[in-house]
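Residue numbers count from 1 along this sequence.
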Amino acid sequence: MLLLSAVNCWLKCMLLDPYNQTDHPECKSRPDSGLSAITELDPGYITGPLSSIWKEWVKWCIEFGIEANAIIAVPYDWRLSPSKLEERDLYFHRLKLTFETAYKLHGGPSLVFAHSLGNNVFRYFLEWLKFEIAPKHYINWLDKHIHAYFAVGAPFLGAAESVKAALFGTTFGLPVSKGTARLMFNSFGSSLWMMPFSKHCRQGNNYWKHFAEKAKNVRHVYHCDYHEVKSNYSGWPTNVVNIEIPSMGGKISMPHTD
């Protein structure tokens, strides 16, 4: 196991530049592909059972009668913000193509199972899709390619554990110090995606509309701290949290967080 034998090398490959989300010059990490990417984190006689994720679920699906080639894994680099996922990996273009290919191969829409941060990725994809498909065809595309969506462990309103990870570091049992874990967590663009949401950062909120009306061809990153300060709401101090929204052509799309 690389982490146990070469911690510094592993960290070098995991850390991202906090300013531009690029890899270390001497190491590049990319997500695996296929079912092997979601069954076990570290396949092996000893490490496999200890790092099993969706292995039993995949096994159960096959025993239930679902063909193995009908189970499609779409792993992503969970370190990246959604805009970087698309910019670097064309992830959402490839995800759209995956749904369309699955429909052609199997003759029907897909069942979507998203886990943890994958739920935020999928919901972002649905908003991104609105800019790729003509509005009148958007719902038709969803009905044709997606039969149902199951959210597993979804942090729709954020995860309190991410606050602890950002401030103090969370090792999750890995042989690294909390300080190192904190440094690593704060280098990931996706970390802010897991922060608890403010009630003032919702679709239809007047504060958001104020900026949406003035939107130009700019990247939309909003700070929702003003109304936090003016109100008596004692939520997470969102002056340290940026909410990133997909944008194109001067228009804005805002995921619903209710």
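- When atom types are taken as modelled, the side chain of S190 and the backbone of S81 share no donor-acceptor pair closer than 3.5 angstrom.
- Here the shortest heavy-atom pairing between P155 and S116 reads CD-O, 3.1 Å.
- A cation-pi contact, defined as under 6.0 Å to the ring centre and within 45° of the axis, is absent between R182 and F168.
- When all heavy atoms of T171 and V176 are compared, the closest pair comes out as CG2-O, 3.3 Å.
- The residue from K28, K12, R30 that alone fulfils the salt bridge (charged side-chain N to carboxylate O under 4.0 Å, His left out) condition with D23 is R30.
- For the 3.5 Å distance criterion, the side chains of T98 and T101 fail to qualify, holding no donor opposite an acceptor.
- With C27, the cysteine C13 has an SG gap short of 2.5 Å.
- When side chains are defined from C-beta on, Y76 counts as touching L117, because their heavy atoms get closer than 4.5 Å.
- Taking the six-membered ring where tryptophan is involved, the planes of F150 and F113 are essentially parallel, since the angle between them stays under 30° and well short of 60°.
- Counting only heavy atoms from C-beta outward, the side chains of L15 and S187 approach each other to under 4.5 Å.
- Placement of L35 and I62 within a single hydrophobic cluster is found when ILVMFWY residues are connected by side-chain heavy-atom separations under 4.5 Å, directly or transitively.
- Side-chain contact between W60 and K55 is absent, with no heavy-atom pair separated by less than 4.5 Å.
- Residues T170 and K178 have side chains not in contact (no heavy-atom distance under 4.5 Å, counting atoms from C-beta outward).
- Listed for the N186 side chain is a donor-acceptor partner under 3.5 Å among the backbone atoms of A166.
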Working for side-chain contact (heavy atoms from CB on, under 4.5 Å), residues S110 and I146: CA-CA 5 Å; S110 301; I146 301 177; 5.6 Å; no
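- Side-chain contact between W193 and P82: present, with at least one pair of heavy atoms (C-beta onward) separated by less than 4.5 Å.
- Rounding to the nearest 0.5 angstrom, the gap separating the CD1 atom in I38 from the OG atom in S33 is 11.5 Å.
- To the nearest 0.5 angstrom, I139 atom CD1 is 7.5 Å from K130 atom NZ.
- L90 and L95 are not part of a single hydrophobic cluster, where members link through side-chain heavy atoms under 4.5 Å apart.
- Contact of the K96 side chain with the I133 side chain is registered, since non-hydrogen atoms from C-beta on lie closer than 4.5 Å.
- Counting heavy atoms from C-beta outward, F99 and W141 have side chains that approach closer than 4.5 Å.
- Contact between L16 and Q21 at its shortest, heavy atoms only, is CD1-OE1, 3.5 Å.
- Judged by distance alone, the side chain of H24 and the main-chain N or O of E26 form a donor-acceptor pair under 3.5 Å.
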CA sep, side-chain torsions, deciding dist, call: W128, E86, side-chain contact (heavy atoms from CB on, under 4.5 Å): CA-CA 10 Å; W128 171 88; E86 177 62 20; 4.2 Å; yes
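- A 6.0 Å sphere centred on NE2 of H147 holds no more than 12 heavy atoms belonging to other residues, nucleotides or ligands.
- Between F92 and Y124, the ring centre distance stays below 6.0 Å.
- Between D77 and R88 there is a salt bridge, since at least one side-chain N of the basic residue sits less than 4.0 Å from a carboxylate O of the acidic one.
- For the atom pair NZ of K59 and CD1 of I71, the computed distance is 13.0 Å after rounding to the nearest 0.5 Å.
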Quick one: do F156 and N120 satisfy side-chain contact (heavy atoms from CB on, under 4.5 Å)? Show the steps, please. CA-CA 7 Å; F156 287 148; N120 291 6; 4.1 Å; yes
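- Separation of atoms CG (L129) and CZ (F125) is listed at 4.5 Å; rounding is to 0.5 Å.
- For the pair H115 and N119, the tightest heavy-atom approach, listed with the atom from each and the gap, is C-ND2, 3.5 Å.
- Counting heavy atoms from C-beta outward, S162 and F185 have side chains that approach closer than 4.5 Å.
- Distance check: H137 NE2 to L142 CG gives 13.0 Å after rounding to the nearest 0.5 Å.
- Residue I72 is not grouped with residue L105 when hydrophobic side chains (ILVMFWY) are merged at heavy-atom distances under 4.5 angstrom, including chains of intermediate members.
- Ring-plane geometry between W54 and W57 is classed as perpendicular, the angle between the planes exceeding 60 degrees on a 0 to 90 degree scale with a lower cut at 30.
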How far apart are the C-alpha atoms of D89 and L80, what are their side-chain angles, what is the distance that settles it, and do they pass the side-chain contact (heavy atoms from CB on, under 4.5 Å) test? CA-CA 10 Å; D89 300 338; L80 298 178; 4.2 Å; yes
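- Between G34 and A73, the shortest heavy-atom contact is O-CB, 3.5 Å.
- Shown here are the side-chain contact (heavy atoms from CB on, under 4.5 Å) partners of K144, two or more places apart in sequence or in another chain: Y103.
- With rounding to the nearest 0.5 angstrom, the CG atom of N140 is 10.5 Å from the NE2 atom of H145.
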